[in-house]
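For reference, the structure discussed in these notes is given below.
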Amino acid sequence: MTTREQIIDNVRKEGRTVLTEIESKAVLNAAGIKTVDTRLSASKEEAITLSNHIGFPVVMKIASPDISHKSDAGGVKVGLKNEDEVAAAYDEIISNIKKNCPGAKIDGVSVQYMARSGIEIIIGMLKDPQFGPVLMFGLGGILVEVLKDVSFRIVPLTRRDAREMIKEIKGYTLLKGYRGHEPADIAYLEDLLLKISDFCEKTPELKELDLNPVFAYKEGGAIVDARMVIENAAK
Ligand code: ADP
Ligand code: MG
């Protein structure tokens, strides 16, 4: 079995359909789609060891199969600069979750490197009853939530589809580098959309995918959060 099959198999065995961030990123990595490497710590000591290994500053997030909107639950701490901050963040995350999501199963706290910020992009996949998998592309944060500035294309995407879906959002002006801001690496985004399209095509079990956010840089980018939902096994 491949890593992808193993993870999906395990999720189904546990009667779940939603993958954690760690599982989602592992599936993407196995498909050759690089994300910000994310490790699980089951104790404060382990979190400190991992942080030293990764290098400061780090980001810590709640790892729970029951929580997919981690910051809403008080489960994300960014920019942790030393062992003391990591130890404090560990306790704070666990206590926030116990308070805000009583009864949620807690695997531990994940640790990852703090990616430098870039233009926040969202890439998603949803299944249309008629057209099957459809990819969505947009700018993150307020732009997608308030302005719904997104584009859609049916999987599989051609390179031309990928190019068009990037260019047709209103926020394209920002991607080109607005008033001295760093522009986004359009070629990286195009390649990423094509890789995601290919991954969705080869993973029929996938029901939903959310890369939110992807940081786009002048050169390359970083997938900092990922969430996947798989179809029910019975389907
Ligand atoms: P949520 O489950 O709430 O969507 P995220 O993993 O997206 O949690 O984290 C919330 C925010 O924290 C992100 O939108 C991003 O701005 C920031 N963030 C998360 N991970 C990283 C990281 N590795 N490096 C830098 N910033 C990060
Ligand atoms: Mg997110």
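These numbers come from a predicted model, not from an experiment. Throughout, numbering of the chain's residues begins at 1 and tracks the sequence. Reckoned from all heavy atoms, side chains included, excluding hydrogens, waters and symmetry mates. As the structure lists them, so they are numbered: ligands from 1, and atoms in each ligand from 1.
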Exercise. Considering only the protein, which heavy-atom contact is closest to atom 5 (P) of ligand 1, and what is its distance?
Worked result: D225 OD2, 3.4 Å

Seminar exercise, completed: Among non-hydrogen protein atoms, atom 3 (O) of ligand 1 lies closest to S71 OG, 2.3 Å

Problem set entry | Trace of the side-chain hydrogen bond (donor to acceptor under 3.5 Å, both in side chains) decision for N232 with T17 | CA-CA 6 Å; N232 268 321; T17 53; 5.3 Å; no

Exercise. Any idea how Y217 and F215 line up, ring-wise: parallel (<30°), tilted (30 to 60°), or perpendicular (>60°)?
Worked result: tilted

Problem set entry | Proximal ligand 1 atoms for H69, defined as those under 4.0 Å from one of its heavy atoms | 2 (O)

Problem set entry | Proximity to ligand 1 by part of E120, non-hydrogen separation under 4.0 Å | side chain

Problem set entry | Other residues, nucleotides, ligands: >12 heavy atoms within 6.0 Å of R39 CZ | no

Problem set entry | Pair H53-V111, side-chain contact (heavy atoms from CB on, under 4.5 Å): steps then yes or no | CA-CA 10 Å; H53 188 72; V111 188; over 6 Å; no

For this session: Run down the list R116, E21, K61 and name the one with the heavy atom closest to atom 6 (O) of ligand 1.
Result: K61

Exercise. Counting backbone and side-chain atoms alike, does S71 have an N/O/S atom under 2.8 Å from the Mg ion (ligand 2)?
Worked result: no

Exercise. Among protein heavy atoms, which sits nearest to atom 24 (N) of ligand 1, and what does the distance come to when rounded to 0.1 Å?
Worked result: A115 N, 2.8 Å

Exercise. So do L174 and H181 actually touch side chain to side chain, heavy atoms under 4.5 Å?
Worked result: no

Seminar exercise, completed: The N/O/S atom of D225 lying closest to the Mg ion (ligand 2) is OD2

Problem set entry | Full working for salt bridge (Lys or Arg N to Asp or Glu O under 4.0 Å) between R153 and E164 | CA-CA 9 Å; R153 286 293 183 286; E164 284 175 356; 3.3 Å; yes

For this session: Report the part of Q112 (side chain from C-beta onward, or backbone N, CA, C, O) that has a heavy atom under 4.0 Å from ligand 1; answer both or neither where that applies.
Result: side chain

Seminar exercise, completed: Among non-hydrogen protein atoms, atom 17 (C) of ligand 1 lies closest to V78 CG1, 4.0 Å

Exercise. Any idea which atoms of ligand 1 are less than 4.0 Å away from a heavy-atom of N212?
Worked result: 7 (O)

Problem set entry | side-chain contact (heavy atoms from CB on, under 4.5 Å) evaluation trace for I54 with Q112 | CA-CA 7 Å; I54 292 165; Q112 60 195 276; 5.5 Å; no

For this session: Give the contacting part of F215 toward ligand 1: side chain, backbone, both or neither, where contact means a heavy-atom distance below 4.0 Å.
Result: side chain

Problem set entry | Partner of E182 by salt bridge (Lys or Arg N to Asp or Glu O under 4.0 Å), out of K218, K176, R116 | R116

Exercise. Do other residues, nucleotides or ligands put more than 12 heavy atoms under 6.0 Å from the CD atom of E14?
Worked result: yes

Exercise. So, does S68 sit close enough to ligand 1 that a heavy atom of it is under 4.0 Å from the ligand?
Worked result: yes

For this session: Find the distance between OG (S197) and NZ (K195) and round it off to the nearest 0.5 Å.
Result: 13.0 Å

Seminar exercise, completed: The closest protein heavy-atom partner of atom 22 (C) of ligand 1 is V59 CG2, 3.6 Å

Exercise. For ligand 1, which atoms have a heavy atom of Y113 less than 4.0 angstrom away?
Worked result: 22 (C), 23 (N), 24 (N)

Problem set entry | Heavy-atom protein contact below 4.0 Å for atom 13 (C) of ligand 1 | yes

Problem set entry | Region of A222 that comes within reach of ligand 1 [heavy atoms, distance under 4.0 Å] | neither

Problem set entry | Straight-line distance of M125 CE to M136 CE, nearest 0.5 Å | 12.0 Å

Exercise. Which residue supplies the protein heavy atom nearest to atom 11 (C) of ligand 1, what is that atom called, and how far is it?
Worked result: V76 CG1, 4.7 Å

